[in-house]
Amino acid sequence: MINVILVEDDLALAGNIIDYFELENIICDHAANGVAALNLIRDNHYQVIILDLNLPRMDGLQICQALRDEGDDTSVIMLTARDQLEDKLAGFATGCDDYLVKPFAMMELVVRVKTLAKRKSGEIKRLELAGLCLDIDGRDATYHGSRLKLSPTGMVILETLLRAHPNLVTRQVLLQAIWGDEQPDSNALKVHIHHLRKALAACTAHITVDAIPRQGFKLQCLQEEN
């Protein structure tokens, strides 16, 4: 089952989409304005967010920007009657992953939802975990304002682990993320993991990189901090 939220103030269209999703085994929550949508998104886990561009109280661009600023990496599809290139560019600039112009075929929306539900958004600008913050654009990692001393490779490892948290990342996925198909000897990853652990330990004892035997690595948050 895929869990999504539809943010659409046209109640007739929203009803049609929700009915069609039900036939496709897609569970769909609905909000008719931007503020209600943001509250639902913050309180629930969705695999895809479907945003109308023109909404009362808070428009789709503002919602998407707020989510990305908060570190939410849920995939976002924008729905809009605007079909000009500048409108699409504005949507992508705020961090949406896909853009569908009204009117559209319901099956096309379903296909796009199913595709995006399989992955996290690549548009997120910041990742956070219990005081640990990674600024992706700035390639800067901090813990409650204290900068972690990380190499570019360490940044890639931390980003990959943060995106996957609380799930683990296999050794092969980490190797591919860092070096692609040109992978070095087996000790290189071990060395970089060691340096990441040292950098984290210098700032906090609450977040560690744990090795899961014969499976991979994961970030462990030992104590949630406010």
Side-chain angles (χ1 to χ4, degrees), residues 1-22 26-82 86-102 104 106 109-110 112-138 142 144 159 162-167 221 224-226:
M1 299 290 284
I2 298 173
N3 191 26
V4 308
I5 181 170
L6 170 66
V7 189
E8 171 62 66
D9 63 334
D10 183 334
L11 299 185
L13 175 59
N16 289 337
I17 293 174
I18 292 169
D19 289 344
Y20 199 91
F21 278 174
E22 185 175 355
I26 298 173
I27 299 172
C28 184
D29 285 349
H30 172 249
N33 68 73
V35 173
L38 204 53
N39 289 332
L40 278 171
I41 293 166
R42 287 167 173 164
D43 291 340
N44 299 277
H45 172 72
Y46 299 106
Q47 290 161 277
V48 179
I49 299 166
I50 305 166
L51 287 177
D52 184 28
L53 190 58
N54 293 319
L55 291 165
R57 303 190 67 184
M58 189 177 193
D59 68 29
L61 295 178
Q62 292 172 313
I63 295 170
C64 191
Q65 186 68 64
L67 293 172
R68 296 306 184 226
D69 288 345
E70 293 172 7
D72 191 317
D73 60 357
T74 307
S75 294
V76 172
I77 300 175
M78 285 285 190
L79 299 181
T80 180
R82 302 178 188 175
E86 54 266 29
D87 296 318
K88 295 180 180 181
L89 292 177
F92 288 124
T94 61
C96 82
D97 300 273
D98 204 352
Y99 204 102
L100 197 54
V101 177
K102 300 175 182 178
F104 52 83
M106 289 291 184
L109 176 59
V110 168
R112 295 188 186 210
V113 165
K114 289 183 176 180
T115 299
L116 288 176
K118 299 175 183 177
R119 60 180 173 87
K120 297 288 189 179
S121 173
E123 297 299 324
I124 189 170
K125 305 302 181 185
R126 184 175 65 185
L127 295 164
E128 294 187 23
L129 173 65
L132 176 63
C133 178
L134 175 61
D135 178 349
I136 293 174
D137 284 348
T142 59
H144 287 304
E159 178 181 345
L162 278 169
R163 285 186 182 276
H165 181 80
N167 300 314
C221 185
E224 294 291 340
E225 298 189 7
N226 297 322

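- With sequence neighbours excluded, the residues forming a salt bridge (Lys or Arg N to Asp or Glu O under 4.0 Å) with R42 are E70, listed by chain and number.
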Identify each donor-acceptor pair in which a side-chain atom of residues 3-17 lies under 3.5 Å from a protein atom, sequence neighbours left out, and give them as a table.
unit_1 : atom_1 : unit_2 : atom_2 : d
N3     : ND2    : H45    : O      : 2.9
E8     : OE1    : K102   : NZ     : 2.9
E8     : OE2    : D10    : N      : 2.9
D10    : OD1    : A12    : N      : 3.2
D10    : OD1    : L13    : N      : 3.1
N16    : ND2    : A12    : O      : 3.4

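- Note that CG of L79 is 8.0 Å distant from CG of L51, once rounded to the nearest 0.5 Å.
- C64 and M78 make their closest contact through CB-CE, 3.9 Å (heavy atoms, listed as atom of the first residue, atom of the second, distance).
- Between the side chain of N33 and the backbone N or O of A36, at least one donor-acceptor pair lies under 3.5 Å.
- A search for side chain to side chain contact (heavy atoms under 4.5 Å, CB included) contacts involving D43 returns nothing, not counting sequence neighbours.
- Here the CD1 atom belonging to I77 is positioned 5.5 Å from the CG atom belonging to L109, to the nearest 0.5 angstrom.
- For the pair L55 and A32, the tightest heavy-atom approach, listed with the atom from each and the gap, is CD2-O, 4.3 Å.
- In this structure, L67 and T74 have side chains that are not in contact, with every pair of non-hydrogen atoms separated by 4.5 Å or more.
- Q47 and A117 make their closest contact through NE2-O, 3.9 Å (heavy atoms, listed as atom of the first residue, atom of the second, distance).
- Remark: D29 engages Y46 in a side-chain hydrogen bond (donor to acceptor under 3.5 Å, both in side chains) (not counting sequence neighbours).
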Donor-acceptor pairs are to be reported for all side-chain atoms of residues 56-63 against protein atoms at under 3.5 Å, with residues two or more places apart or in another chain.
unit_1 : atom_1 : unit_2 : atom_2 : d
D59    : OD1    : L61    : N      : 3.1
D59    : OD1    : Q62    : N      : 2.8
Q62    : OE1    : D59    : N      : 2.9

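- Annotation: the span from T115 atom OG1 to D97 atom CG amounts to 12.0 Å, rounded to 0.5 Å.
- Residues passing the salt bridge (Lys or Arg N to Asp or Glu O under 4.0 Å) test with D98 are R112, sequence neighbours excluded.
- Closest of all the heavy-atom pairs between L129 and L162 is CB-CD2, 3.8 Å.
- From D52, atom CG reaches atom CG of L100 across 11.5 Å, with rounding to the nearest 0.5 Å.
- The shortest heavy-atom contact between I2 and K114 is CD1-CG, 3.8 Å.
- Applying the side chain to side chain contact (heavy atoms under 4.5 Å, CB included) test to E22 and every residue at least two apart in sequence or in another chain returns nothing.
- In plain terms, the two heavy atoms of F104 and V101 that are nearest each other are CB-O, 3.6 Å.
- A salt bridge (charged side-chain N to carboxylate O under 4.0 Å, His left out) check over residues 11-20, counting only residues at least two apart or in different chains, returns nothing.
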